[in-house]
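Scroll down for the structure; my scribbles are underneath it.
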Protein chains: 2
Amino acid sequence: MGPVEVLTPALEDYLETVFLLVERHKFARVRDIAVERGVKPGSVSPAMKRLADLGLVKYVQREYVDLTETGRVAARRVLARHTVLFRFFRDLLKLPEELSESEACAMEHSLSSATMDRMVSLFEFLDACPQSPDSLLARFHQCPIANADCEDCKPGCEHEGAGVEATNPLSELAAGERGIVVRIGSHGAIRQRLLNMGMLPGTELTVERYAPGGDPVWIRLGTSQVALRRHEADALHVKALAPEIA
Amino acid sequence: MGPVEVLTPALEDYLETVFLLVERHKFARVRDIAVERGVKPGSVSPAMKRLADLGLVKYVQREYVDLTETGRVAARRVLARHTVLFRFFRDLLKLPEELSESEACAMEHSLSSATMDRMVSLFEFLDACPQSPDSLLARFHQCPIANADCEDCKPGCEHEGAGVEATNPLSELAAGERGIVVRIGSHGAIRQRLLNMGMLPGTELTVERYAPGGDPVWIRLGTSQVALRRHEADALHVKALAPEIA
DNA sequence: TTCAATTGTAAGATGTGTCTAACATGGAGG
DNA sequence: CCTCCATGTTAGACACATCTTACAATTGAA
Ligand SMILES: [Mn+2]
Ligand SMILES: [Mn+2]
Ligand SMILES: [Mn+2]
Ligand SMILES: [Mn+2]
């Protein structure tokens, strides 16, 4: 097909950069755009030419770049998406500023209107809901289950003994038994590894067999099999399920 | 630089597809991969060749494609990211299944380990926290503030009169006054438009001036200016701020 | 066994986004 | 007036991801 599409991610980023530069100074120069985007000036010229062809910027070669009205609208949309994601990462998930920035800027290009809408609704709800008065997020941010540092005693969260009722470490399941992942009681590398293998809360698994001594234990996830070390299997909190009715 | 990089998004998607096909049948064929990815077979061959060069798949031309052990690990990682995002969109934000799928598959490629980790923590917290026993999400999903349908009466949420104390529609601000966006009391197209202009909760703005009759009202956001129609300005709930100390 | 349909590969083209290196332009200083 | 330097532009190269179209291999019916 022809170029029926919207802007490419790269062009959206250029547009965003131009918008911010025009806000800061009164115009944007090729040099500054290049610096801002971490790219060589030779890459910027043709990009500006394409944006100009699309009617989004006014590009006077060798002089300056400015946004058209259409361009300003498009840029604001990109920036709004960027901002929603950034706040979600930084303020809700409490990720570092830098990471939040870069990840927002990578994802903004595929964020649909509907999704942005719902994310904003979530913010509005968390702000407004009187039944979790300013505390829900605080509780999340202090919850020992959800935070690596301070393994035990954060005030304001009493999970221990509450949701943990039916939960065992995976290694308490016998060979052949099934379970559903409830949470990963571990942080850092072990957690990473478990998550990357697909051990997400809600995932169903079957214990295939234990090696003698119980150290490697083989787990079936769907049709494929993975091997867990003992300390990984201990970190994995599961709820036992009735045996499979195959 | 050389190819120090990780997999490109397209290759990750191919890998994911191969993984799923191998799970379903016992192997993957070029044809099926092409169908699954919505791409022509002629595009698949070279991609498989590249994955084979990277040691991620075993590719016997004209016969079948299978994953190597390294490939399986990489594929599971992609899939785990996909799944976390998918559940966030579908189960937490309550977006339609289809949208959740496609958006997850677009974003998975730039989801960092740290971010996935924190998203899973959020799930774990919401599941486990005894102080919001299974009800926080339910409250979000029923909250009239956060939902278009049923504008008024959802039981279990009493926002009216609670967080709304210091909030006015934007159109009650006089020219020159400043405010901070608290929420957008509107749904559908109007909301979309306001969000796309950058009117997110927390955004600071200044009322520049009203047209005679008050219909278009000009708002300053940072250094740039936008015009709002009356019904848009009415939908925008703001908290008045002290006048700017410029 | 023979041959048509199915499946896959090769080669060439297009578009995007980047780089580098060579070249152009326009002051500011001499 | 001339020359240098900062800034920009061009052109050529490369990598990726896709498409088409032409050709090859396999398979399963007739
Ligand atoms: Mn971006
Ligand atoms: Mn951005
Ligand atoms: Mn994907
Ligand atoms: Mn995916």
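Just so it is clear: chains get the letters A, B, ... in the order the sequence lines come, proteins before strands, and each one is counted from 1.
If you measure from atom CG of A/Leu11 to atom C1' of C/dT16, you get 9 Å, rounded to the nearest angstrom. Counting to the nearest Å, the C1' atom of D/dA6 and the CZ atom of A/Arg31 are 8 Å from each other. If you take CG of A/Asp32 and P of D/dA6, they are 15 Å apart, rounded to a whole angstrom. When the P atom of D/dA6 is taken as reference, atom OH of A/Tyr64 falls 25 Å away, rounded to whole Å. The distance between atom NE2 of A/His109 and atom P of C/dT16, rounded to the nearest whole Å, is 16 Å. Atom-to-atom, CG of A/Asp13 to P of C/dT16 comes out at 16 Å; the value is rounded to the nearest Å.
Of the candidates D/dT9, C/dT9, D/dT10, D/dT10 carries the atom nearest the A/Lys49 side chain, counting heavy atoms from C-beta on. With C/dA10, C/dT18, D/dG8 as the candidates, the nucleotide lying closest to the side chain of A/Tyr14 is C/dT18. Comparing D/dT18, D/dT7, C/dT7 against the side chain of A/Arg29 picks out D/dT7 as the nearest.
By the side chain to side chain donor-acceptor pair (under 3.5 Å) test, A/Glu208 is found to be paired with A/Arg220, A/Gln225, residues two or more places apart in sequence or in another chain being considered. Remark: B/Phe19 pairs with no residue by the ring pair (Phe, Tyr, Trp, His ring centres under 6.0 Å) rule, at least two apart or across chains. In this structure, the ring pair (Phe, Tyr, Trp, His ring centres under 6.0 Å) partners of B/Phe88, at least two apart in sequence or on a different chain, are A/Phe88. In terms of the side chain to side chain donor-acceptor pair (under 3.5 Å) criterion, residue partners of A/Asp117 (sequence neighbours excluded) are, by chain and number, B/Arg191, B/Gln192.
With respect to the salt-bridge test (charged N to carboxylate O, under 4.0 angstrom), the residues A/Arg229 and A/Glu232 do not qualify.
In this structure, a donor-acceptor pair under 3.5 Å is present between the side chains of A/Arg76 and B/Ser224.
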- Item | Nucleotide-resolved protein contact map, nucleotides 19-27 of chain C, B/S/- at heavy-atom distance under 4.0 Å | BB---BS--

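OP1 or OP2 of D/dT9 lies within a sub-4.0 Å distance of a side-chain N or O belonging to A/Tyr59.
The side-chain hydrogen bond (donor to acceptor under 3.5 Å, both in side chains) analysis of residues 34-46 of chain A, with sequence neighbours excluded, yields the pairs A/Arg24-A/Glu36.
Toward the 5' end of DNA chain C, the nearer of the two residues A/Ala47 and B/Val30, judged by each one's closest nucleotide, is B/Val30.
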